[in-house]
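Atoms considered below: every heavy atom in the structure, side chains included; atoms not considered: hydrogens, waters and symmetry mates.
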Amino acid sequence: QVQLVESGGGLVQAGGSLRLSCAASGRPFSVYIMAWFRQAPGKERDFVAAISRNGDRLDYADSVKGRFTISRDNTKNTVNLQMNSLKPEDTAVYYCAAKFGQTRVDITTQYGYWGLGTQVTVSS
């Protein structure tokens with residue numbers, strides 16, 4: 001099992017930046033594929049970004065490519081999401097997720113472990 005705790009959310013103006021962090025505890029962190037998802041009010045939870053176990057593969061949703069960067073530090077058991085050029089449509093609760101298998105990284109049901117989320121609000 002792994003426990004995930006997100007931090008770093010907040011209120012920012014459009015065009016600004018935020019850095020989200022997810023701290024993991026429990027089983028060795030490096031065995032997990034890690035991802036960020038987000039959920040806006042009244043909408044489904046959507047894929048944002050994923051990173052492979054050793055960080056050599058990165059995947060992004062089209063809506064965040066070129067603006068967001070996912071990274072991980074296996075020595076500190078953390079995964080981060082650097083968000084630049086934020087837009088009001090990026091407003092959502094952002095969730096950290098972890099999984100084992102080499103299945104598709106953009107599907108919520110493939111992830112067995114989730115954090116409680118952190119709110120990101122982008123004002124126009």
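Looking at R45 and Y95, their side chains come closer than 4.5 Å, going by heavy atoms from C-beta outward. At a threshold of 4.5 Å between non-hydrogen side-chain atoms, the residues S7 and R19 do not count as touching. Looking at C96 and V79, their side chains come closer than 4.5 Å, going by heavy atoms from C-beta outward. Inter-residue side-chain proximity for D46 and F37 is flagged as unmet; no heavy-atom pair is nearer than 4.5 Å. For the pair L81 and V48, the minimum side-chain heavy-atom distance is below 4.5 Å. Using a 4.5 Å heavy-atom cutoff, the side chains of M34 and L4 are in contact.
A donor-acceptor pair under 3.5 Å links the side-chain atoms of R67 to the main chain of S85, judged by distance alone. Side-chain atoms of Q119 never come within 3.5 Å of backbone atoms of G9 as a donor-acceptor pair (strictly under, hydrogens ignored). Not one N or O on the side chain of K87 forms a donor-acceptor pair closer than 3.5 Å with the backbone of T91. The backbone N or O of E44 lies less than 3.5 Å from no partner atom in the side chain of Q39, so there is not a single donor-acceptor pair. Listed for the Y111 side chain is no donor-acceptor partner under 3.5 Å among the backbone atoms of A35.
Side-chain contact check for S123 and Q13: no donor-acceptor pair (N or O, by modelled atom type) lies under 3.5 Å. There is a side-chain donor-acceptor pair under 3.5 Å between S17 and N84. N80 and Q82 are not linked by any side-chain donor-acceptor pair at a separation below 3.5 angstrom, with hydrogens and angles left out of the test.
Tracing side-chain contacts under 4.5 Å through hydrophobic residues (I, L, V, M, F, W, Y), one reaches V120 starting from V64; they form part of the same cluster. The hydrophobic cluster containing I70 also contains V31, counting ILVMFWY residues as joined when their side-chain heavy atoms lie under 4.5 angstrom apart, directly or transitively. The cluster map of Ile, Leu, Val, Met, Phe, Trp and Tyr, joined by side-chain heavy atoms under 4.5 Å apart, puts V5 and Y32 in different clusters.
The line from OG of S25 to CD of Q3 is 4.0 Å long, rounded to the nearest 0.5 Å. Taking OH of Y113 as the reference point, atom NZ of K99 lies at 12.5 Å (rounded to 0.5 Å). Here T69 contributes atom OG1 and L58 contributes atom CG; the two are 8.5 Å apart, rounded to the nearest 0.5 Å.
Ring centers of F47 and W36: at least 6.0 Å apart, outside the cut-off.
Contact between S63 and R38 at its shortest, heavy atoms only, is OG-NH2, 3.4 Å. Summarising the geometry of V2 relative to A98, their closest heavy-atom pair is CG1-CB, 4.2 Å, with the distance given to 0.1 Å. Heavy-atom minimum distance, T78 versus A23: CG2-CA, 4.3 Å.
Open room surrounds CZ on R104; 12 or fewer heavy atoms of other groups in view lie less than 6.0 Å from it.
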Inset, instruction - Report the C-alpha distance between I33 and V105 in whole Å, list the side-chain angles of each, state the deciding distance to 0.1 Å, and finish with yes or no for side-chain contact (heavy atoms from CB on, under 4.5 Å). - result: CA-CA 8 Å; I33 294 169; V105 297; 4.3 Å; yes

Inset, instruction - For M83 and L20, run side-chain contact (heavy atoms from CB on, under 4.5 Å): C-alpha distance rounded to whole Å, both residues' side-chain angles, the deciding distance at 0.1 Å, then the answer. - result: CA-CA 8 Å; M83 306 186 295; L20 305 183; 3.7 Å; yes

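With V122 as the partner, the side-chain contact (heavy atoms from CB on, under 4.5 Å) test is satisfied by one option alone out of D90, L18, L11: D90.
Annotation: cation-pi pair R72/F29 present, NZ/CZ under 6.0 Å from the ring centroid and within 45° of its normal.
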